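The shown structure was predicted, so the numbers you read here are calculated from the model rather than taken from an experiment. Side chains included, hydrogens not; waters and symmetry mates left out as well; all remaining heavy atoms used.
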Amino acid sequence: MRVVIADDAVLLREGLVRLLTERGHEVVAAVGDGDALVGAVVAHRPDVSIVDVRMPPSHTDEGLRAAVEARRLVPRTPILVLSQYVEVSYADDLLATTGGGGGGVGYLLKDRVADIDDFLDSLARVASGGTVLDAEVVGQLLVRRRRDDPLRELTPREREVLALMAEGHSNTAIARALVVTDGAVEKHVRNIFTKLGLPPDTAQHRRVLAVLAYLRG
């Protein structure tokens with residue numbers, strides 16, 4: 001993969017550069033602020049960008065705002081956000097950019113990225129158009145759930161399946177996590193699509209739409 005990295009922490013940025021390079025990926029740009037991120041995405045059209053939420057000058061939401069701007073200028077450009085904190089409103093903003101079948105997005109907490117292979121797998125899933133969210137991010141987004149939640153028709157097991165889908169797991173991985181068969185998971189997924197009114201001929205990926213409905217409903 002061709003990767004852009006945006007993080008003002010030099011040690012982390014250089015560590016990511018070394019890790020990705022050693023695994024055979026090409027880091028086309030490694031920058032330390034939001035403006036440079038936007039410029040790098042426009043110039044290089046990377047397969048995926050790794051972005052820190054908080055960057056100079058105010059260290060609040062510059063990274064995320066730059067990521068949203070990059071996706072506006074280069075539609076469907078995949079973005080994986082790495083954050084020290086769960087910024088719920090920022091996660092909502094990032095998810096909003098996936099409307100219309102936009103490219104992959106991810107939101108992971110830095111201190112929970114302990115397994116290198118898991119991190120690289122998440123990066124690859126985002127690059128291929130998937131949605132990967134940290135379980136803590138999912139949990140805090142759900143706290144904001146409205147009373148008129150359209151997902152109230154889902155059974156507890158269907159909610160479990162959809163939560164694992166939101167974390168980016170495949171049907172096979174979900175089956176292992178819940179100790180059920182692949183067929184059982186496929187049935188739950190079909191029921192979820194039906195209850196959310198996502199027809200087979202939808203122009204967008206039903207799995208992504210289901211996750212978005214779960215997180216933003």
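Ion pairing between a basic and an acidic side chain is recognised when a charged N comes within 4.0 Å of a carboxylate O; Arg18 and Glu22 show such pairing. Taking 4.0 Å as the cut-off between side-chain N and carboxylate O, Asp134 and Lys110 do not count as a salt-bridged pair.
Contact between Val17 and Ala30 at its shortest, heavy atoms only, is CG2-CB, 3.9 Å. The two residues Ile174 and Leu164 have their closest heavy-atom pair at CG1-CB, 3.7 Å. Heavy atoms only, all atoms of each residue included: Arg13 and Asp7 are closest at NH1-O, 2.6 Å. Contact between Val126 and Ile79 at its shortest, heavy atoms only, is CG1-O, 3.6 Å. Summarising the geometry of Pro46 relative to Val4, their closest heavy-atom pair is CG-CG2, 3.6 Å, with the distance given to 0.1 Å. For the pair Pro78 and Ala127, the tightest heavy-atom approach, listed with the atom from each and the gap, is CG-O, 3.8 Å.
Distance check: Leu19 CG to Leu12 CG gives 10.5 Å after rounding to the nearest 0.5 Å. Here the straight-line distance linking atom CG of Asp118 with atom CG of Leu123 works out to 12.5 Å at 0.5 Å rounding. Note that CG of Asn171 and CE of Met165 are 7.5 Å apart. Values are rounded to the nearest 0.5 Å. Interatomic distance, Asp117 CG to Asp121 CG, rounded to the nearest 0.5 Å: 8.5 Å. Taken from CG in Asp8 to CZ in Arg54, the straight-line distance is 11.5 Å, to the nearest 0.5 Å. Separating the OG atom in Ser83 from the CG atom in Asp52 is a distance of 6.5 Å, to the nearest 0.5 Å.
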task = Tell me, with the steps shown, if Arg71 and Val105 meet side-chain contact (heavy atoms from CB on, under 4.5 Å).
result = CA-CA 10 Å; Arg71 285 173 68 92; Val105 295; 3.5 Å; yes
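Between Lys187 and Val161 the shortest side-chain heavy-atom distance does not fall below 4.5 Å. Contact annotation: the side chain of Val41 never approaches that of Glu69 to less than 4.5 Å [non-hydrogen atoms, C-beta and beyond]. Side-chain contact check for Ile50 versus Leu20: some heavy-atom pair is nearer than 4.5 Å. Side-chain contact check for Leu37 versus Glu62: every heavy-atom pair is 4.5 Å or farther apart.
Counting only residues at least two apart or in different chains, salt bridge (charged side-chain N to carboxylate O under 4.0 Å, His left out) contacts with residues 26-45 are absent.
Across Val51, Val53, Leu80, Leu82, a single residue satisfies side chain to side chain contact (heavy atoms under 4.5 Å, CB included) together with Tyr107, and that is Val53.
A side-chain donor-acceptor contact under 3.5 Å links Arg2 to the backbone of His44.
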